[in-house]
J.: 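Let me give you the structure first, and then I'll get to my questions.
Residue numbers start at 1 and run along the sequence shown.
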Amino acid sequence: MCKFAEWVRQPETRGAESQRATMKRREVSLSAVISLGCCSVVGHACAQVGVGQLNGVWQARVDYVDEPNVVVRLAQASDRWLLTGPDGTEVAASPLEDGTFLAAFGDLGSVRFEPPQPGKPAVLFWIQPPSQMLSQAHATPLRCAQLADGSWMGGAETLDDGTELFLVIDEIAGEQRVEFVEHSLNFGRFWQVSGLAVQGSRGVVFEGMEPTGEGRLESGDTMVLSSEALEPLSFTRIEAAAAVGYLPGEPGASATNPPVLNDGWVTARPEDVGLDSAVVDGMLRSLADPARRSISSTRVHSVQIARHGKLAVDAYFFARDADEPHDTRSAGKSVGSLLLGAALGNDGVADLEKPMSSLLPGRVARDASQVTLRDMVSMRSGLWADDGDPDCPAEENNVQNSGLQDWYAPVLQAPARHEPGSHFAYSSMSINIAGAVISETTNRWMPALMEDVLFSPMQIQTYHINLMPSQDAYLGGGIRLRPRDFLKIGQLVLDQGRWRDVQVVPPEWMAATTAPLTEVRPGLSYASGWWERTYEVDVRRRKTIQARGNGGQVVIACPELRLVACFIASNYGDGRAAAQIADKLAPEYVLRAALQGE
């Protein structure tokens, strides 16, 4: 793995949300030296370079995968399944215990699938391995059509294994500002620069950064930066207005006149569904403010609002669009709760009260044996499983960095600290136990099950499921969804588990799992994979049910107002900036637009 990726993939900048990631600012100091060399610098050849001559926006693009698209072909020959991979090689798929088949294509990745039915389209899954920018493997659906010869062929776009980085050098109120801005992991948040100084005619020192490194200014507008933590990064100075992805930009007319896409959403204008257009426009102007370019500001990539089942706001910023899946972080816990309800069916509510010893026989230590499924998904197991405790073996980052193949074991074998159901501790690995119960109950590979019982009925076509080392789905957070699909999980809350005319999740399950169980702080309670947030808007208290993830990934459902909204943002690891979405944007704009539009 390259040193660049090793640095940016710090625990606090990746994975699902943990209290430590959102509440604790990592004290990191980086330093690097930009060597200037003997070249013309803004018209001054081999001369002393002033700091002000480096002012501007510098852009670097890092790519580790040349071809993001994958196309495969599946054929049946006698009793074998043959896969032709993206590199053109043909591989015989091997059967696995859960009924799926696996065909591996070396370092490129692999294909896993359940045997398709003749005459019907097939959904296979491309397994993209961990890489420079992706800490976990991901499963992406390959939607394949059957050809005249009986084989199936299809493809998908894989996750982007790269990032775009902006280096900003300017002055504000007479004081110098130097910062790195990056949206995929927000690692600029952790590359704090205290100042900039010229070092002779050879280099520029980024003060307060460690470890040191060397680089060069190849021309007045090209700078190469490297250090012990980085592969060389080539920055090009560009006009700020041309820095696509640096400024939020204007959302465009379609923001309040959403297009009809092949995703099941009926669309309308805000005023047609009882949303005050002036309040909506005020929100969009605020989100498009160029001041939001800084790493310390709330950087919203998209906002969607639907009321009475119709999508009325569909806005994008920072060069994002409707086709791009985003990392939902711990909001994926709510997707896990939905999957659990869909998989268990009508018996699911009763199963919530069953102990782990009966649901996972032979896999549970004594202390966890009487912990119920509800205790696990509501994070009240009483076991030593706490994302706020860096010494806890079942803390999320510790498990993900442990090298363990079985991510369920640290919770199922954890010692008791409290009586089951008596103490709340935020724990990603506890809710992930839902996956063990799903696999034990259905004996199916979770990505294939998720497609059948959740995503296909919800008309969700494009997604990326992050996988554990066991190659099954991780339900502690991190699934990547497109914004309009992310919004649908809130619509399921409003419609008691229905999407359009399909009952995806039993209504009893929705009622049982969205009911608050633990008050975390005044106005905020945790349920079973969901949050309840109460706002006071115009002197009235309004209850909402929310899915929430690190960085500002939020779905907000208000049954009283028949309203659902979602925000996607890039403030990973920055709890203060991300909190502005749920604490300020939601009540001041989203709820107020509905109240004033009635």
J.: On a heavy-atom basis, which atom in A312 and which in V273 lie closest, and how many Å separate them?
T.: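 The answer is CB-CG2, 3.7 Å.
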J.: Mind checking the CE-CG spacing from M376 to L352? Nearest 0.5 Å is all I need.
T.: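 Answer rounded to 0.5 Å: 13.0 Å.
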J.: Does the pair R143/E451 count as a salt bridge with the N-to-O cut at 4.0 Å?
T.: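 Salt bridge present between R143 and E451.
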J.: Can you find a heavy atom in the side chain of L338 that is under 4.5 Å from one in the side chain of L454?
T.: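 The answer is yes, as the side chains (C-beta and beyond) meet within the 4.5 Å cut-off.
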J.: Working to the nearest 0.5 angstrom, can you tell me the gap between E90 CD and F105 CZ?
T.: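 Answer rounded to 0.5 Å: 9.0 Å.
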J.: How far apart are the C-alpha atoms of L83 and F113, what are their side-chain angles, what is the distance that settles it, and do they pass the side-chain contact (heavy atoms from CB on, under 4.5 Å) test?
T.: CA-CA 11 Å; L83 262 296; F113 62 96; 3.5 Å; yes
J.: Partners of Y463 by ring pair (Phe, Tyr, Trp, His ring centres under 6.0 Å), sequence neighbours excluded?
T.: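 So Y463 forms a ring pair (Phe, Tyr, Trp, His ring centres under 6.0 Å) with F455.
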J.: Working to the nearest 0.5 angstrom, can you tell me the gap between Q400 CD and N398 CG?
T.: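 Answer rounded to 0.5 Å: 10.0 Å.
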J.: Can you confirm whether R61 is buried at CZ, in the sense that more than 12 heavy atoms of other residues, nucleotides or ligands lie under 6.0 Å from that atom?
T.: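 Result for CZ/R61: enclosed.
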J.: For the CG atom of N443 and the CD1 atom of I438, what is their distance to the nearest 0.5 Å?
T.: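 Atom-to-atom, N443:CG and I438:CD1 are 13.5 Å apart.
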J.: Show every ring pair (Phe, Tyr, Trp, His ring centres under 6.0 Å) that has at least one partner inside residues 330-353, sequence neighbours left out.
T.: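 Not a single pair qualifies under ring pair (Phe, Tyr, Trp, His ring centres under 6.0 Å).
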J.: Check V504 against V453 and note the closest heavy-atom contact, atom names and distance.
T.: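 Heavy atoms of V504 and V453 come nearest at CG1-O, 3.5 Å.
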J.: Using 0.5 Å steps for rounding, measure from the CE atom of M446 to the CG atom of L340.
T.: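 If I round to the nearest 0.5 Å, the distance is 10.0 Å.
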J.: Examine distances only and state if a side-chain atom of N432 and a backbone atom of S428 form a donor-acceptor pair shorter than 3.5 Å.
T.: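 Looks like no, no N/O pair under 3.5 Å.
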J.: Does I489 reach the side chain of M458, with side-chain heavy atoms less than 4.5 Å apart?
T.: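 I489 vs M458: side chains touch.
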J.: Hey, are the side chains of Q553 and Y572 touching, using non-hydrogen atoms and a 4.5 Å cut-off?
T.: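 Sidechains of Y572 and Q553: in contact.
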J.: So does G573 get a backbone contact from the side chain of N550, meaning a donor-acceptor N/O pair under 3.5 Å?
T.: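 Pair found, side chain donor or acceptor close to backbone of G573.
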J.: Below 4.5 Å, heavy atoms only, C-beta onward: do K354 and V437 meet side chain to side chain?
T.: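 The answer is no; the side chains never approach within 4.5 Å.
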J.: For atom CG of D87, decide whether the heavy atoms of other residues, nucleotides or ligands shown that lie under 6.0 angstrom number more than 12.
T.: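 Yes, because the 6.0 Å sphere around CG of D87 holds more than 12 heavy atoms from other groups.
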J.: Just by distance, do the side chain of E97 and the backbone of G99 share a donor-acceptor pair under 3.5 Å?
T.: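 Pair absent, no side-chain N/O of E97 close to backbone of G99.
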J.: What is the minimum heavy-atom distance between G476 and I431, and which atoms define it?
T.: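 So the two residues come closest at CA-CG2, 4.2 Å.
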J.: With side-chain contact (heavy atoms from CB on, under 4.5 Å) as the criterion, how do L74 and V111 come out once you've worked through the C-alpha distance, each side chain's angles and the decisive distance to 0.1 Å?
T.: CA-CA 10 Å; L74 173 67; V111 175; over 6 Å; no
J.: Could you tell me whether the side chain of I581 reaches within less than 4.5 Å of the side chain of V300, counting heavy atoms only?
T.: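 Contact flag for V300/I581 side chains = yes.
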J.: Looking at R374, is its backbone amide N or carbonyl O close enough to the side chain of S378 to form a donor-acceptor pair, meaning the two atoms are under 3.5 Å apart?
T.: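 Yes; at least one donor-acceptor contact below 3.5 Å.
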J.: Got a donor-acceptor contact below 3.5 angstrom from the Q546 side chain to the I556 backbone?
T.: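 Absent.
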J.: Grab the two heavy atoms, one from V564 and one from V555, that are nearest each other, plus how far apart they are.
T.: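 Minimum heavy-atom separation between V564 and V555: CG2-CG1, 4.2 Å.
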J.: If you take the centroid of each ring, where Trp contributes its six-membered ring, are H326 and F486 closer together than 6.0 Å?
T.: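 Ring centroids of F486 and H326 are no less than 6.0 Å from each other.
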J.: So, using salt bridge (charged side-chain N to carboxylate O under 4.0 Å, His left out) as the criterion, who are the partners of D263 when residues are at least two apart?
T.: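 In terms of salt bridge (charged side-chain N to carboxylate O under 4.0 Å, His left out), with neighbours along the sequence ignored, D263 is linked to R484.
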J.: Rounded to the nearest 0.5 Å, how far apart are CG of L360 and OH of Y408?
T.: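 Answer for the CG-OH pair, L360 versus Y408, is 9.0 Å.
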J.: Are the side chain of Q136 and the backbone of H138 linked by a donor-acceptor contact shorter than 3.5 Å?
T.: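 No, the answer is negative, given that no donor and acceptor are paired below the 3.5 Å cut-off.
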J.: Between W152 (side chain only) and K120 (backbone N and O only), is there a donor and an acceptor less than 3.5 Å apart?
T.: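 Yes, the answer is positive, given that a donor and an acceptor are paired below the 3.5 Å cut-off.
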J.: Answer whether the closest heavy-atom distance between the side chains of E164 and H183 falls below 4.5 Å.
T.: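 Of all side-chain heavy-atom pairs linking H183 with E164, none is under 4.5 Å.
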J.: Assess whether a salt bridge exists between D314 and R482, defined as any Lys/Arg side-chain N lying under 4.0 Å from an Asp/Glu carboxylate O.
T.: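 Between R482 and D314 there is no salt bridge, as every charged N stays at least 4.0 Å from the carboxylate O atoms.
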J.: Does the plane of the ring in F101 sit parallel, tilted or perpendicular to the ring in W81? Use 30° and 60° as the thresholds.
T.: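 Perpendicular, since the angle between the ring planes exceeds 60°.
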J.: Quick check on side-chain contact (heavy atoms from CB on, under 4.5 Å): which of L108, T158, V71, N69 does P86 satisfy it with?
T.: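 Between P86 and the candidates, side-chain contact (heavy atoms from CB on, under 4.5 Å) is satisfied uniquely by L108.
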J.: Give a yes or no on whether the backbone of G435 and the side-chain of S439 come within a donor-acceptor separation of less than 3.5 Å.
T.: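 Flag set: sc S439 to bb G435 pair under 3.5 Å.
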J.: Pair S337, W530 - check side-chain contact (heavy atoms from CB on, under 4.5 Å), show working.
T.: CA-CA 8 Å; S337 181; W530 300 89; 3.7 Å; yes
J.: Donor-acceptor check, side chain of N571 to backbone of A578, threshold 3.5 angstrom: yes or no?
T.: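 No, because the side chain of N571 does not come within donor-acceptor range (under 3.5 Å) of the backbone of A578.
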J.: Using a cut-off of 6.0 Å, state whether more than 12 heavy atoms not belonging to N262 lie near its atom CG.
T.: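 No, not enclosed.
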J.: If you measure from the Lys or Arg side-chain nitrogens to the Asp or Glu carboxylate oxygens, is any gap between R562 and D495 under 4.0 Å?
T.: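 Yes.
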J.: What I want to check is whether the side chains of E114 and W445 have a donor and an acceptor closer together than 3.5 Å.
T.: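 Note: E114 and W445 side chains miss the donor-acceptor criterion.
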J.: For atom CG of D107, is the number of surrounding heavy atoms from other residues, nucleotides or ligands below 6.0 Å larger than 12?
T.: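 Open.
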J.: Could you report the tightest heavy-atom contact between T267 and P259, atom names first, then the distance?
T.: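 Minimum heavy-atom separation between T267 and P259: CG2-O, 3.5 Å.
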J.: Which heavy atom in A385 sits nearest to a heavy atom in S430, and how many Å separate them?
T.: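 Shortest heavy-atom separation between A385 and S430 comes out as CB-OG, 3.6 Å.
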J.: Side-chain contact, heavy-atom cut-off 4.5 Å: H301 with E324?
T.: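 With C-beta onward as the side chain, the pair stays apart.
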J.: For E157 and D323, what are the C-alpha separation, side-chain angles and deciding distance, and is it a side-chain contact (heavy atoms from CB on, under 4.5 Å)?
T.: CA-CA 11 Å; E157 184 173 344; D323 291 328; over 6 Å; no
J.: Donor-acceptor pair, R320 side chain versus S302 backbone, under 3.5 Å?
T.: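 Absent.
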J.: Hey, are T100 and D98 close enough side-chain-wise for a donor-acceptor pair under 3.5 Å?
T.: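 Note: D98 and T100 side chains meet the donor-acceptor criterion.
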J.: Do the side chains of T513 and V377 get nearer than 4.5 Å, heavy atoms only?
T.: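 No, side chains not in contact.
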J.: Mind telling me whether W499 and W265 have parallel, tilted or perpendicular rings, with 30° and 60° as the class edges?
T.: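 Perpendicular: the ring planes of W265 and W499 meet at over 60°.
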